[in-house]
Amino acid sequence: DAGITQSPRHKVTETGTPVTLRCHQTENHRYMYWYRQDPGHGLRLIHYSYGVKDTDKGEVSDGYSVSRSKTEDFLLTLESATSSQTSVYFCAISEGLTSGSLDNEQFFGPGTRLTVL
Amino acid sequence: SQQGEEDPQALSIQEGENATMNCSYKTSINNLQWYRQNSGRGLVHLILIRSNEREKHSGRLRVTLDTSKKSSSLLITASRAADTASYFCATDAGTGGFKTIFGAGTRLFVKA
């Protein structure tokens with residue numbers, strides 16, 4: 001999985017509790033992404049980061065926040081988990097755009113299965 | 001709404017047959033990618049085709065891109081049971097590469 005780990009791999013929590021998921025990379029890639037995957041929806045981008053302390057929203061960012069204090073770590077926080085946030089969460093990384101190229105191949109972590117009761 | 005939409009949603013074939021999956025998208029793109037996901041695993045990048053390319057090959061994979069029709073196809077030749085997986089197309093939606101928008105995927109089942 002290209003030097004990407006996610007923790008925890010599985011978590012069950014209750015509605016209203018805060019939850020933090022961690023993504024750690026050893027590839028020194030500039031870009032990091034958080035996606036959620038739900039049946040029938042493919043992968044939907046939650047937030048992404050283009051450098052330390054540089055983050056931006058994706059298409060389904062409501063209810064989620066992120067932080068990136070180091071190149072290798074990207075944290076996803078659910079401040080107050082809801083049942084609609086039950087999903088599989090994937091972290092991905094990419095080198096970013098090099099001069100003259102818009103290619104953005106992404107490498108994915110193994111995923112975190114989150115259940116909110 | 002999703003940028004990429006795959007067709008069919010599910011496909012079941014015999015080992016040795018070819019599998020073709022299609023992807024349609026809505027906005028202009030710089031490139032289009034195909035990924036594979038085995039059950040319970042993360043996605044794995046298969047191939048990227050740029051907007052100025054019409055066809056690309058990688059092993060048993062052949063990808064075509066028709067920007068006038070905003071569509072792409074992924075052909076897997078001589079399929080194997082190990083090809084059983086979900087396949088996703090993804091585009092940059094003309095965002096300049098920062099964001100990648102995924103479709104809902106095609107589930108391929110190859111019977112041995």
Side-chain angles (χ1 to χ4, degrees), chain A residues 1-6 9-10 21 23-25 27 29-51 54-61 88-113, chain B residues 1-10 21 23-53 56 58 63 65 67 85-107:
Chain A
D1 288 324
I4 310 168
T5 56
Q6 293 184 230
R9 294 292 314 279
H10 301 271
L21 308 183
C23 177
H24 178 79
Q25 61 147 329
E27 306 295 323
H29 281 4
R30 179 181 175 187
Y31 287 84
M32 299 185 76
Y33 307 79
W34 276 108
Y35 295 90
R36 60 177 289 174
Q37 184 175 34
D38 304 290
H41 289 280
L43 270 73
R44 291 182 291 176
L45 181 64
I46 305 172
H47 283 279
Y48 69 100
S49 169
Y50 47 97
D54 292 323
T55 65
D56 202 354
K57 296 179 180 180
E59 55 186 318
V60 290
S61 59
V88 180
Y89 291 85
F90 286 98
C91 174
I93 64 174
S94 70
E95 288 186 276
L97 309 178
T98 56
S99 177
S101 171
L102 296 175
D103 297 350
N104 190 28
E105 174 185 352
Q106 296 186 22
F107 302 92
F108 283 79
T112 293
R113 184 173 295 276
Chain B
S1 62
Q2 296 175 89
Q3 165 70 336
E5 295 186 5
E6 290 89 345
D7 170 57
Q9 291 186 321
M21 288 158 270
C23 170
S24 60
Y25 57 91
K26 298 174 182 175
T27 67
S28 62
I29 61 172
N30 295 297
N31 59 63
L32 184 144
Q33 304 178 57
W34 286 91
Y35 288 79
R36 183 187 75 230
Q37 183 181 33
N38 291 94
S39 180
R41 306 289 296 273
L43 277 71
V44 174
H45 183 266
L46 293 176
I47 196 165
L48 179 150
I49 186 165
R50 296 176 180 149
S51 60
N52 62 354
E53 298 175 315
K56 202 163 183 179
S58 177
V63 170
L65 179 64
T67 54
S86 291
Y87 292 82
F88 297 88
C89 70
T91 69
D92 66 335
T95 60
F98 295 109
K99 299 181 183 180
T100 302
I101 310 299
F102 288 84
T106 291
R107 295 188 64 182

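In what follows, chains are A, B, ... by sequence order, proteins preceding strands, each numbered from 1.
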(Q) Within a 6.0 Å radius of atom CZ on A/R44, are there more than 12 heavy atoms belonging to other residues, nucleotides or ligands? (A) yes

Q. Any side-chain donor paired with an acceptor under 3.5 Å for A/Q37 and B/Q37?
A. yes

Q. Counting only heavy atoms not in B/Q9, do more than 12 fall under 6.0 Å of its CD?
A. no

(Q) With rounding to the nearest 0.5 angstrom, report the OH to CZ distance, B/Y35 to A/F107. (A) 8.0 Å

Q.
I'd like to check B/T100 versus A/L45 (side-chain heavy atoms, cut-off strictly below 4.5 Å). Are they in contact?
A. no

Q | Point-to-point distance, once rounded to the nearest 0.5 Å, from CD of A/Q106 to CG of B/L43 | A | 9.5 Å

